[in-house]
Structure formats: structure tokens, C-alpha cells
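Here's the structure we're looking at; comments come further down.
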There are 2 protein chains.
Amino acid sequence: MFKNYIENANFEDTGFSYTLSLIRGKYKMVILYCLMEFNIVRYNELKRYIKTISHKTLAVSLKELEKDSLIIRKEYPQISPKVEYSLSDRGKSLMEILDRLCVWGEIHKNDMK
Amino acid sequence: MFKNYIENANFEDTGFSYTLSLIRGKYKMVILYCLMEFNIVRYNELKRYIKTISHKTLAVSLKELEKDSLIIRKEYPQISPKVEYSLSDRGKSLMEILDRLCVWGEIHKNDMK
DNA sequence: CTGTATCCTCCCCGATACTG
DNA sequence: CAGTATCGGGGAGGATACAG
């Protein structure tokens with residue numbers, strides 16, 4: 001399959017490029033993992049879990065993940081506002097594969113003496 | 001397993017973070033795919049396959065991939081120089097998983113109407 | 001509580017020229 | 001052929017302040 005990409009010299013259109021574009025960003029994977037682990041999480045909970053993330057990055061990342069249909073945003077119109085995030089089915093199916101990358105890293109990160 | 005990371009608030013040390021650090025970079029995955037597809041490839045062949053990559057990026061990426069033991073660099077000392085690159089066993093085991101990301105992308109990139 | 005808006009910094013990558 | 005060196009632009013992300 002990939003050979004076709006090479007012959008067409010069109011790497012930008014590969015499935016892999018597409019997948020990477022969804023999870024590019026310093027914290028997107030961390031957000032997805034948090035949602036996988038805790039199922040339903042509020043904005044401020046995410047902010048507390050991921051101590052080093054800035055407000056801006058968290059907000060932008062969540063918006064993009066939602067636009068890409070990897071996560072679901074549920075808003076409760078009340079004072080003060082409450083918003084819950086969770087994985088979509090699409091997001092869950094992606095996480096099955098990404099989790100294998102996590103495991104691979106665990107196994108191999110001490111390979112090198 | 002991931003829950004431990006969250007409780008330790010130490011996302012930088014996750015296996016996934018480690019894995020991503022290996023393949024971060026605009027063209028690293030493309031290089032790995034080329035090596036997977038063609039087995040043994042010379043420097044200039046890579047440059048030709050990946051039309052849009054610059055010399056600097058190709059050189060730097062190859063050096064990092066080699067340092068991380070994902071690829072093997074074999075140099076033939078002669079005039080003019082000849083260098084062949086190929087996947088290491090470690091690289092091949094990673095590619096098995098990355099290839100699944102490629103397939104996921106192929107299947108899902110047209111999900112959204 | 002859940003965001004936006006602005007400014008600013010750093011670093012990835014491209015373009016280009018040079019070398020053994 | 002297979003690199004290395006240097007310069008520079010652009011975009012991702014941080015700090016901070018403000019809003020509904």
C-alpha cells in the first residue's frame with residue numbers, strides 16, 4: 001500500500017500523515033490518555049492532571065480534538081459553567097493502536113545500555 | 001499502566017512520550033517507510049524518493065534515527081563514498097505498530113462527511 | 001469554571017553554499 | 001556521493017490578563 005505513495009511521490013496524503021496530523025501537538029496524546037483512563041473529565045480536572053499544560057494549549061488542543069471527532073464535548077448551561085469531555089468511538093478505536101505505541105515504548109526505552 | 005503516570009504526574013516519562021520522541025520530525029516516518037519498503041537504500045536514493053526534503057533535514061534525521069538504533073548505517077570507504085541505510089530489528093518492530101496507524105488513517109480519513 | 005486574546009520566545013526546518 | 005555550516009522565517013506553545 002505504501003509503495004503507491006512513494007510512486008506518486010505524495011506523502012502528504014498517506015493515511016499515516018493523516019493520523020499523525022490528528023495527534024500532533026505536545027499534549028494531545030496526554031489528553032487522550034487521560035480521557036481513556038477516566039472516561040469523563042471536566043476542563044479543570046484535565047488542567048490539574050496535566051500540570052504543565054497552559055490554558056491556551058489545553059483549550060486549543062481540546063477544540064481541535066473535538067473538530068476531528070476524537071472527543072466529545074458536553075456542556076451543561078449553568079452558572080458556573082460545567083463542561084465534560086470524553087472519548088468518541090472514533091477516538092477509542094484510535095487509542096487501541098496508540099496504546100500499543102505506549103507499550104512498545106515501555107519495553108524498548110531501556111534497550112540502549 | 002497509564003494510571004501510574006497520571007498519579008505520578010510524570011507524562012514526560014511515559015513509554016508513549018518516549019516513542020513519539022523517536023519519530024518526531026516532519027520526515028522521520030517517511031524515511032522509515034522508505035526503508036521498510038526498499039530494505040536497503042542509499043543516501044541519494046532517499047533524497048530522490050522524498051522529493052521535498054532538504055539535505056539538512058535528511059542528514060539530521062538519519063543521524064538521529066541511527067543514534068536511536070532504529071536504522072543501520074553502513075559505509076563503504078571508497079571514492080566516491082557509498083552509504084547504505086536499512087531498518088534495524090528495533091526499527092522493524094516499531095514499524096509493525098506504526099503501519100497500523102497508517103491503516104487506521106486510510107480507513108478513517110474520510111469518516112467525516 | 002471555562003474559556004479568549006495578546007504578546008513573545010524558542011526551535012524546527014528550508015535555502016544555500018561549501019567540503020573530502 | 002554524502003555530507004557539514006550558517007542564516008533566517010514561521011509556527012507551536014508559554015505567560016499573562018481579561019470575560020461571561
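Below, chain A is the first sequence line, B the second, and so on; all start at residue 1.
Whole-Å rounding puts the A/I79 CD1 to C/dG3 C1' distance at 16 Å.
Residue A/R42 is in sugar-phosphate contact alone, with no base atom involved, counting any heavy-atom pair closer than 4.0 Å across all strands shown. Backbone-only contact: B/K82 has heavy atoms under 4.0 Å from sugar-phosphate atoms and none from a base.
A search for side-chain hydrogen bond (donor to acceptor under 3.5 Å, both in side chains) contacts involving B/S21 returns nothing, not counting sequence neighbours. Remark: A/E66 pairs with no residue by the side-chain hydrogen bond (donor to acceptor under 3.5 Å, both in side chains) rule, at least two apart or across chains. Here A/N44 pairs with A/K47, A/R48 under the side chain to side chain contact (heavy atoms under 4.5 Å, CB included) rule; sequence neighbours left out. A search for side chain to side chain contact (heavy atoms under 4.5 Å, CB included) contacts involving A/R90 returns A/Y18, A/L22, A/S69, A/L70, A/S88, B/W104, B/H108, B/D111, B/M112, not counting sequence neighbours. Residues passing the side-chain hydrogen bond (donor to acceptor under 3.5 Å, both in side chains) test with B/E75 are B/R73, sequence neighbours excluded. Evaluation of the side-chain hydrogen bond (donor to acceptor under 3.5 Å, both in side chains) rule for B/E96 yields no partner, not counting sequence neighbours.
Each end of the helix from C/dC1-D/dG20 to C/dG20-D/dC1 yields a helix axis from five base pairs, and these two axes differ in direction by 40° (to the nearest 10 degrees).
Of all the residues in residues 61-77 of chain B, B/K63, B/R73 reach under 4.0 Å from DNA chain D with at least one non-hydrogen atom.
Residues B/T19 and A/C102 have side chains not in contact (no heavy-atom distance under 4.5 Å, counting atoms from C-beta outward). Put simply, the side chain of A/E64 reaches to within 4.5 Å of the side chain of A/K28, judged on heavy atoms. Side-chain contact check for B/V83 versus B/R42: every heavy-atom pair is 4.5 Å or farther apart. Counting only heavy atoms from C-beta outward, the side chains of B/R24 and B/L20 approach each other to under 4.5 Å. When side chains are defined from C-beta on, A/L94 counts as touching A/I23, because their heavy atoms get closer than 4.5 Å.
Along DNA chain C, the nucleotide nearest B/G25 and the nucleotide nearest A/R48 are compared for position; the residue whose nucleotide lies closer to the 5' end is A/R48.
Once you apply a 4.0 Å limit to the heavy atoms of chain A, the touched nucleotides of DNA chain D run 5' to 3' over D/dG13 to D/dG20.
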Tell me, for nucleotides 14-20 of chain C in 5' to 3' order, what letter each nucleotide earns: B for a base near a protein heavy atom under 4.0 Å, S for only sugar-phosphate near one, - for neither?
BB----B

Atom pairs and distances, side-chain donor-acceptor, residues 54-63 of chain A, under 3.5 Å, sequence neighbours left out:
residue, atom, partner, partner atom, Å
A/S54, OG, A/T57, N, 3.2
A/S54, OG, A/T57, OG1, 2.9
A/H55, ND1, A/Y43, OH, 3.0
A/S61, OG, A/T57, O, 2.7

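For residues 75-98 of chain A, the set of pairs meeting the ring pair (Phe, Tyr, Trp, His ring centres under 6.0 Å) definition, not counting sequence neighbours, is empty.
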